[in-house]
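What follows is a single structure, written as C-alpha cells, with notes after it.
First the proteins, then the strands, lettered A, B, ... as listed; each starts at 1. These figures come from a predicted structure and were not determined experimentally.
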Number of protein chains: 2
Amino acid sequence: MPDDAAGESAAPGRTIRMRDVARAAGVSTMTVSRALSSPEKVSEEVRRRVEAAVSAIGYVPNRLAGNLSSSRSDVVGLIVPSLENSLFSSTIQGIATVLRRNGYQLMVADCGYSQADEEALIAAFLEQRVAGLVLHNTSHSPRAREMIRRAGVPVVENGTLVDDPLDMVVSYSNEGAARAMTLHLARLGYRRLGFVCLPTATNDRSVARQRGYRAALREAGLPLDPALMLEMPPGLGAGAEAVVRLAEEPGRADAIFFAGDVMAIGALFECQRRGWAVPGRVGIAAFDDFELLGHTVPTVTTLRLPRLEIGRRSAQVLLDRIQGRSTGKLVVDLKFEIIHREST
Amino acid sequence: MPDDAAGESAAPGRTIRMRDVARAAGVSTMTVSRALSSPEKVSEEVRRRVEAAVSAIGYVPNRLAGNLSSSRSDVVGLIVPSLENSLFSSTIQGIATVLRRNGYQLMVADCGYSQADEEALIAAFLEQRVAGLVLHNTSHSPRAREMIRRAGVPVVENGTLVDDPLDMVVSYSNEGAARAMTLHLARLGYRRLGFVCLPTATNDRSVARQRGYRAALREAGLPLDPALMLEMPPGLGAGAEAVVRLAEEPGRADAIFFAGDVMAIGALFECQRRGWAVPGRVGIAAFDDFELLGHTVPTVTTLRLPRLEIGRRSAQVLLDRIQGRSTGKLVVDLKFEIIHREST
DNA sequence: TTGTACGCGTTATCAG
DNA sequence: CTGATAACGCGTACAA
C-alpha cells in the first residue's frame, strides 16, 4: 500500500469513519474495532495493517458512538462550589490525573454554594451519561438525591465525612480537625480562643468545624463565649476585619482560630500593619495548608489536609465501582495533621 | 391518564428511553424530541402531555445519542498547563460560566507544560467530539496542529497573543505588559532593574515577558546586565532565593521585577525575614493580580491581568463560531493595567 | 481469528 | 402540527 500520507493535507471536510479504515486495511469494521480496543484479539499482521490505515487516513475514533453502542461511558463529572477557590484545585488535579491514567475524562462545573444549581448540574451531567460523579457538597436537594438514585451512577462525596452518604465518601473529618486544632491551642496555654468560620448557613464544612471547636472547648474546660465566635464571608479582607473585632480591646481573644479560606492570612497582614505582635499579642491558627503559610513572617500554625489525596482516592474508588471491582457504600477517612509553627 | 408517579421509587434498573415517554404521552418519539428541544414547534396541548410524562416517569434525555444523531456536540475541551495553579482558576471559571449559560459543558485536563501530553489530550478530546477547544499553551506539536486542522474544530488559544494562531486568540500581550512594568520602574528612578521569570525553555509566556523587559531597558536607555536576569522554577521558595541572589550584595539590583507565579510574594517574605526594607533597600514588582498582593505589608506593585475576562471572551468567541455567528481567524487583545503600590 | 446482523437512543428528512 | 423511516458510528452477540 503506497503511503505518502504522512504529511498529507486532507481538507477538514468529510468525517472519517471506521468503515473507511476497514476498507483501507481490507478487513471488516469489527476487526478494526478489535484492533483498536483489544489488539491482542487480532493477528499481528492485521493489527499492523489497521494501524497503518489509521494513521494513513488520520482516523479519529468516535467515542460518543462507541459509548452509545456499548452503553458505557468514559466521562466522570465533578461539581465543586467554586472553581476559583484554589483549595479545590489540588483535589481537581488529583481526580483528573487518576482518571486520565485510566482513560477517563473529567467534566467540571461549579455550583456556587447553591443547592439549586447543583441539582441542575447533576441533571446536565446525567444527560451526558457520566460514568460517575464526584460532589464536593454533602447536602443535596431531594430531587438531586432522587435523580442520582434512579440513574444508579456511582457517586463520591468529598467535602466532609457525612452521616448518611449518598454512596461513597472520601474525605477527612472537619469536626475532628477543628477539634484537634482547638485542643492544640488550649494545650499551648491560650484561654480565650476566638473562632472564625465561613457562613454556616450554606456550608456543611463550616457547621462541622464549629461543632469541633465547641466540643474541644468543653473537653478543655474552657467557657464558650459567643462574643469570641464570628461568621465571615471568604476573603482576606474578612480575616483582617475579624482579627480587629476579636482582638482590638485588650482582654479579648488571646488566640484566634480561622477555620476557613484565606482569612488567617488576611488577619496576619492586618496585625503586621498595626504592629501587633503575633503571637505576642494574639496567636493565629489557620485551617488550610496553603504553601504560603509556611513562608509568612511569622509562619502560621495550621492543619495539613489531604486535598490532593482526596482527589486521587475519590477517582480510585469511583473507578473501582465503575469497573466492577467493588460494590456498596464506602467511607474513606483520610488523615489530617497539625502543623505547629511560629504564629502560636 | 392516572398519574401517581410523582413520588415514585422505581428501581435504578432499566433505562428510560424517549419511546417510553412517547408511549406515556400517546405521541411519537419525534414529537417528544420536538417538545423538548423546540417546544414552539409543538401544540400547547401536546407539550403539556409530554412534560407531564417526562416528570412522571423520570426521563433523562441521552445527549450522547442526541449528539451522535445530530452530529453536533455540546462539550468544549480545555487544556491548561496545570490545574493546581490558581492563576488559571479564574479563566476556567469564566469559561465554565459562559458555556453553561449556553447549555454547553466543559471538559478539562492539564498537560503539565508538556507538548507531548498536550497532543495526547487534544487527541482524547477530539475522540470525544468536542465542539471546540480552548488551549492555554500557544506552541503545539506539529501532529497536534495537524489533528486540529483536520478535525476542523474551532480553537481558542489564550496564553499570550501569538503571531501565527491556530485559529482564534483571546489574551493580553505578555511582552507589552512586561515592557510597561519595566518602563514604569525606570520612570520611578530605579536604575538596576532585576528581572526574574519562569524557565523560558518550556514557557512561551516567559519568553515574551523577557522580550518586553529587554525592549523596555533599551527604550529607557538602561544597560542590559545579564547578572540581573534570573530564570527560576515556580514557587515561593524560588522567589526568596532570587531576591537574595540579586540584592544581597550592596550595589546589585535596586528593584526586582518578578515576572511570574508567586515569586514576588516569596521575595517579599524573605525581605521581611531579613529585615530588608521594601522598597527602601529593594523595590519589588509582581506580574499577576493575586488579591494577596493588595494586602501584604507593604502592598505590592503589580499588573492587573484580565484572567476572568479572558475566560469569558474565549467561551464567547468559541460559541459564536460553533453556532455559526462568526467565521475566520480572530485576535482579541484584552487590556492589562499597572497597579502601583507601596513596594516600589 | 474474522465477519454478519442488529441495536444503542436520538434527530433529520420528508410525507401527511 | 405530527409521524414513519432512515441514518449517526460504533460494539455486542453470535456464527463461521
Side-chain angles (χ1 to χ4, degrees), chain A residues 13-51 53-54 57-75 103 124 126-131 151-152 324, chain B residues 13-51 53-54 57-75 103 124 126-131 151:
Chain A
R14 206 181 50 75
T15 322
I16 296 169
R17 301 185 300 297
M18 200 180 251
R19 56 189 308 171
D20 301 315
V21 178
R23 197 171 304 137
V27 294
S28 72
T29 61
M30 203 47 236
T31 299
V32 175
S33 175
R34 277 192 280 254
L36 294 179
S37 43
S38 26
E40 74 283 0
K41 310 186 94 180
V42 136
S43 77
E44 182 70 16
E45 151 77 10
V46 164
R47 193 166 52 63
R48 269 207 311 275
R49 284 219 311 272
V50 170
E51 279 167 7
V54 164
I57 37 186
Y59 169 66
V60 177
N62 184 332
R63 300 252 182 203
L64 264 57
N67 288 342
L68 178 61
S69 175
S70 60
S71 311
R72 272 185 254 117
S73 163
D74 54 1
V75 176
L126 292 181
E127 294 186 0
Q128 300 288 345
R129 292 299 187 267
V130 292
Chain B
R14 207 181 49 75
T15 322
I16 295 169
R17 302 188 296 300
M18 199 179 253
R19 59 188 309 169
D20 301 315
V21 178
R23 196 171 305 138
V27 294
S28 72
T29 62
M30 203 48 235
T31 298
V32 175
S33 176
R34 277 191 279 252
L36 294 179
S37 42
S38 25
E40 75 283 0
K41 310 187 93 180
V42 137
S43 76
E44 182 69 16
E45 152 76 9
V46 164
R47 192 165 52 65
R48 271 207 310 275
R49 284 220 312 271
V50 170
E51 277 167 8
V54 164
I57 43 185
Y59 168 65
V60 177
N62 184 334
R63 300 251 183 205
L64 265 56
N67 288 342
L68 178 61
S69 177
S70 61
S71 311
R72 271 185 256 117
S73 165
D74 54 1
V75 175
L126 292 180
E127 295 186 1
Q128 301 286 345
R129 291 300 185 268
V130 292

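An angle of 30°, rounded to 10°, separates the two end axes of the helix from C/dT1-D/dA16 to C/dG16-D/dC1, each defined over five pairs.
B/Ser73 places a side-chain N or O within 3.5 Å of a backbone atom of B/Arg129 that can act as its donor or acceptor partner. With A/Ser33 contributing its side chain and A/Thr29 its backbone, the two residues share no donor-acceptor pair below 3.5 Å. Proximity of a side-chain donor or acceptor of B/Asp20 to a complementary backbone N or O of B/Arg17 within less than 3.5 Å is detected. At least one donor-acceptor pair under 3.5 Å links the side chain of A/Ser43 to the backbone N or O of A/Val46.
Distances shorter than 4.0 Å separate some side-chain N or O of A/Thr31 from OP1 or OP2 on C/dG3. A close approach under 4.0 Å does occur between a side-chain nitrogen or oxygen of B/Tyr59 and OP1 or OP2 of C/dT10.
Distance A/Leu64 CG to C/dC8 C1': 12 Å, rounded to the nearest Å. B/Asn62 has its CG atom 18 Å from the P atom of C/dG7, to the nearest Å. Following rounding to the nearest Å, A/Glu127 (CD) and C/dG9 (C1') show an atom-to-atom distance of 13 Å. In this structure, A/Leu68 atom CG and D/dG11 atom P are separated by 11 Å, rounded to whole Å. Following rounding to the nearest Å, A/Arg19 (CZ) and C/dT4 (C1') show an atom-to-atom distance of 14 Å. Taking atom NZ of residue A/Lys41 and atom P of nucleotide D/dC14, one finds them 13 Å apart after rounding to whole Å. As rounded to whole Å, 9 Å separates atom P of C/dT2 from atom CD of A/Glu45. Distance, B/Asp74 CG to C/dG9 C1': 15 Å, rounded to whole Å.
Nearest approach of A/Val32 to A/Val50, heavy atoms of both residues: CG1-CG1, 4.2 Å. Taking every heavy atom of both residues into account, B/Ser28 and B/Ala22 meet most closely at C-CB, 3.7 Å. Summarising the geometry of A/Tyr59 relative to A/Leu36, their closest heavy-atom pair is CE2-CD1, 3.7 Å, with the distance given to 0.1 Å. Smallest separation of non-hydrogen atoms from B/Ala25 and B/Ala53: CB-CB, 4.0 Å.
A donor-acceptor contact closer than 3.5 angstrom is absent between the side chains of B/Gln128 and A/Asn62.
With DNA chain D read from its 5' end, the first of the two nearest nucleotides for A/Arg63 and B/Val42 is the one closest to B/Val42.
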Per-nucleotide protein contact string for nucleotides 11-16 of chain C (B base, S sugar-phosphate only, - none; heavy atom under 4.0 Å)
BBB---
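When distances run from any side-chain atom of B/Ser43 to the nucleotides D/dT2, D/dC10, C/dT2, the shortest one goes to D/dT2.
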